[in-house]
Amino acid sequence: MSLFSVRSAGIALAGTGALHFAAPGLFEGVSKLAFPEDTRQWVYRNGAIELALGLALSSSRTRRLGALGTAGYVAWLGARAHTTAAST
């Protein structure tokens, strides 16, 4: 992936994270799958995480850490959704 693509992906992720705060209702349906309790609070938490990771990916100085954090975040979200789905 080119440097421009990673930076663009970071900006898009940061924008999505910010959108969690501007329009949290957009994310409640999908968030409820992994976070059936306190869904709105999890929407905000995930928005903050995505905003931070997106900003980290956008800067060459923090890109490697942002990529590692993003990989961990995606794995955690997947595991959380799987565990929650299996328990219902």
Side-chain angles (χ1 to χ4, degrees):
M1 186 177 267
S2 74
L3 190 59
F4 178 75
S5 297
V6 175
R7 186 165 191 247
S8 296
I11 291 168
L13 183 59
T16 302
L19 192 57
H20 280 67
F21 295 96
L26 293 175
F27 300 94
E28 284 189 350
V30 70
S31 295
K32 195 166 201 73
L33 299 172
F35 307 100
E37 297 178 15
D38 299 325
T39 303
R40 179 61 65 106
Q41 289 303 312
W42 279 105
V43 167
Y44 291 136
R45 290 175 188 141
N46 289 330
I49 292 167
E50 291 173 19
L51 179 59
L53 289 172
L55 292 175
L57 288 171
S58 299
S59 171
S60 60
R61 292 177 52 157
T62 56
R63 188 163 292 129
R64 186 176 303 229
L65 183 60
L68 289 171
T70 300
Y73 177 63
V74 168
W76 174 75
L77 277 179
R80 175 78 187 210
H82 175 75
T83 301
T84 303
S87 69
T88 57

Item to complete: Rounded to the nearest 0.5 Å, what's the gap from CZ on R64 to OG1 on T62? Could you check?
Response: 12.0 Å

Practice prompt. Identify, with sequence neighbours excluded, every residue that meets ring-ring contact (aromatic ring centres under 6.0 Å, His included) alongside Y73.
Written response: none

Can you list, pair by pair, the side-chain donor-acceptor contacts under 3.5 Å of residues 74-82, counting residues two or more places apart and other chains?
| unit_1 | atom_1 | unit_2 | atom_2 | d |
| --- | --- | --- | --- | --- |
| R80 | NE | A34 | O | 2.9 |

Discussion item. Could you see if I49 belongs to whatever hydrophobic cluster contains W42? Use Ile, Leu, Val, Met, Phe, Trp, Tyr and a side-chain cutoff under 4.5 Å.
Written reply: yes

Worksheet item: How long is the span from the CZ atom in R45 to the CZ atom in F35, to the nearest 0.5 Å?
Response: 9.0 Å

Worksheet item: So do the side chains of L57 and R7 get within less than 4.5 Å of each other, counting heavy atoms only?
Response: no

Discussion item. Could you report the tightest heavy-atom contact between S58 and G10, atom names first, then the distance?
Written reply: OG-C, 3.4 Å

Name every donor-acceptor pair, under 3.5 Å, that has one atom in a side chain of residues 13-33 and the other anywhere in the protein, sequence neighbours excluded.
| unit_1 | atom_1 | unit_2 | atom_2 | d |
| --- | --- | --- | --- | --- |
| T16 | OG1 | A12 | O | 2.9 |
| H20 | ND1 | T16 | O | 2.8 |
| E28 | OE2 | R40 | NE | 2.3 |
| E28 | OE2 | R40 | NH2 | 2.8 |
| S31 | OG | F27 | O | 2.8 |

